[in-house]
Amino acid sequence: MKIPPSHPRRESLLVREKLIEGYRKGLVALPGLIAHGRGEAFDYILGEKTHPPAKKAIEAAAALLLLAKHPVLSVNGNTAALVPEYIVGLSRVTGAKIEVNLFYRTREREEAIAEELKKYGAEEVLGVGEDASATIPELFSERRRVSPRGILIADVVFVPLEDGDRTEALRKMGKKIIAIDLNPFSRTARAANITIVDNIVRAMPLLIEEARRLKNMPRRFLEDLVNNYNNDLVLRDMVKIILERLKSISENKIVLEIP
Ligand code: PTJ
């Protein structure tokens, strides 16, 4: 579909097109389009920008990934359609493994997602077919199937656009979880150690930039960043931003563009 360059919602419509294209290529599950709509609604309220608490979370997330012994980036359909190049980029900077993990798991989608990531330079993609032979205890969705070389042994797992159950189950296994979720009220957002409340398309380039910046910093400096980070405070700050924005709009202090 041709979107006129002057369209006021151009950026958002282009992201939608990427997802639709991802659905056509067999990467995205149909409910993934609905999940994106929920994200868009929060993004609209947030003014479609990266706020300071999200920047703080991005900094702590980069530090945690760099400190990890076995970091793993978990990739679902939406992530593979929206930011494949940045998943590969983040894996390169941090040394994290990449693993496919799907809620609506089919062999075809696993393979299509792995192929897509390889097109962008991924050397190895775990969690495809028989490789997803291990099980996360107490989890009954298809997300329970993980790679024994990846999520099973990971100490830090990055879970963008996730549903809540797995984050809770992975925390019970003692793993540290980094989430990206535009909804600061979601179970994933609440259960993760670090939640980046931002659109994945804006957060991923920033996360790579932060990882590059912090890569040569002393370990102690990174540990301080992680230890001084408080996810509850960051989530509360994000909710305050929503409240303040809604208040300003209701008092006519922010004029919204007419789409
Ligand atoms: O590919 P699969 O089979 O693993 O399925 C993936 C989906 C996303 C369908 C599945 O994980 C799911 O149903 O997720 P939920 O429970 O709808 O949660 C997705 C969360 O991601 C919601 O809280 C959305 O607000 C959020 N979200 C959606 N799009 C974005 C987003 N957060 C950041 N950036 C986005 N672009």
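FYI, the numbering just counts along the sequence from 1. One-based numbering, in listed order, for ligands and for the atoms of each.
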Using distance alone, decide if ligand 1 has a nitrogen or oxygen within less than 3.5 Å of any nitrogen or oxygen in [X].
| X | answer |
| --- | --- |
| Leu102 | no |
| Phe103 | yes |
| Asn78 | no |
| Gly32 | no |

Numbered atoms and elements of ligand 1 in range of [X], under 4.0 angstrom, heavy atoms:
| X | answer |
| --- | --- |
| Gly77 | 1 (O) |
| Asp181 | 20 (C), 21 (O), 22 (C), 23 (O), 24 (C), 25 (O), 26 (C), 32 (N) |
| Asp198 | 33 (C), 34 (N) |
| His36 | 28 (C), 29 (N), 36 (N) |

Can you name the residues that form a side-chain contact (heavy atoms from CB on, under 4.5 Å) with Arg171, not counting sequence neighbours?
->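 Partners of Arg171 under the side-chain contact (heavy atoms from CB on, under 4.5 Å) test: Ile177, Asn193.
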Say you draw a straight line from [atom1] of [X] to [atom2] of [Y]; how long is it, rounded to the nearest 0.5 Å?
| X | Y | atom1 | atom2 | result |
| --- | --- | --- | --- | --- |
| Leu225 | Leu67 | CG | CG | 8.5 Å |
| Lys69 | Ile153 | NZ | CD1 | 11.5 Å |
| Thr50 | Ile196 | OG1 | CD1 | 10.0 Å |
| Asn78 | Leu19 | CG | CG | 5.0 Å |

Looking at Lys97, Arg149, Lys118, which one forms a salt bridge (Lys or Arg N to Asp or Glu O under 4.0 Å) with Glu124?
->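 With Glu124 as partner, Lys97, Arg149, Lys118 yield a single salt bridge (Lys or Arg N to Asp or Glu O under 4.0 Å), made by Arg149.
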When you check the gap from the basic side-chain N to the acidic O, do Arg202 and Asp43 get nearer than 4.0 Å?
-> yes
Does the pair Glu130/Arg107 count as a salt bridge with the N-to-O cut at 4.0 Å?
-> yes
Salt bridge (charged side-chain N to carboxylate O under 4.0 Å, His left out) between Lys172 and Glu168, intermediate numbers included | CA-CA 6 Å; Lys172 278 191 194 151; Glu168 286 164 5; over 6 Å; no
Option with minimal heavy-atom separation from atom 30 (C) of ligand 1, where the choices are Val83, Asp43, Leu161 =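 Considering heavy atoms of Val83, Asp43, Leu161, the nearest to atom 30 (C) of ligand 1 sits in Leu161.
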To atom 1 (O) of ligand 1, the nearest of Arg109, Arg38, Glu142, Met204 on a heavy-atom basis is Arg109
At what distance is the nearest protein heavy atom to atom 19 (C) of ligand 1, and which residue and atom is it?
-> Glu162 O, 3.8 Å
Is it true that Val28 lies under 4.0 Å from ligand 1, counting heavy atoms only?
->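 Val28 does not count as a contact of ligand 1 under the 4.0 Å cut-off.
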So is Arg143 close enough to ligand 1, meaning a heavy atom under 4.0 angstrom away?
-> yes
Going by the 4.0 angstrom heavy-atom rule, the piece of Arg105 near ligand 1 is neither
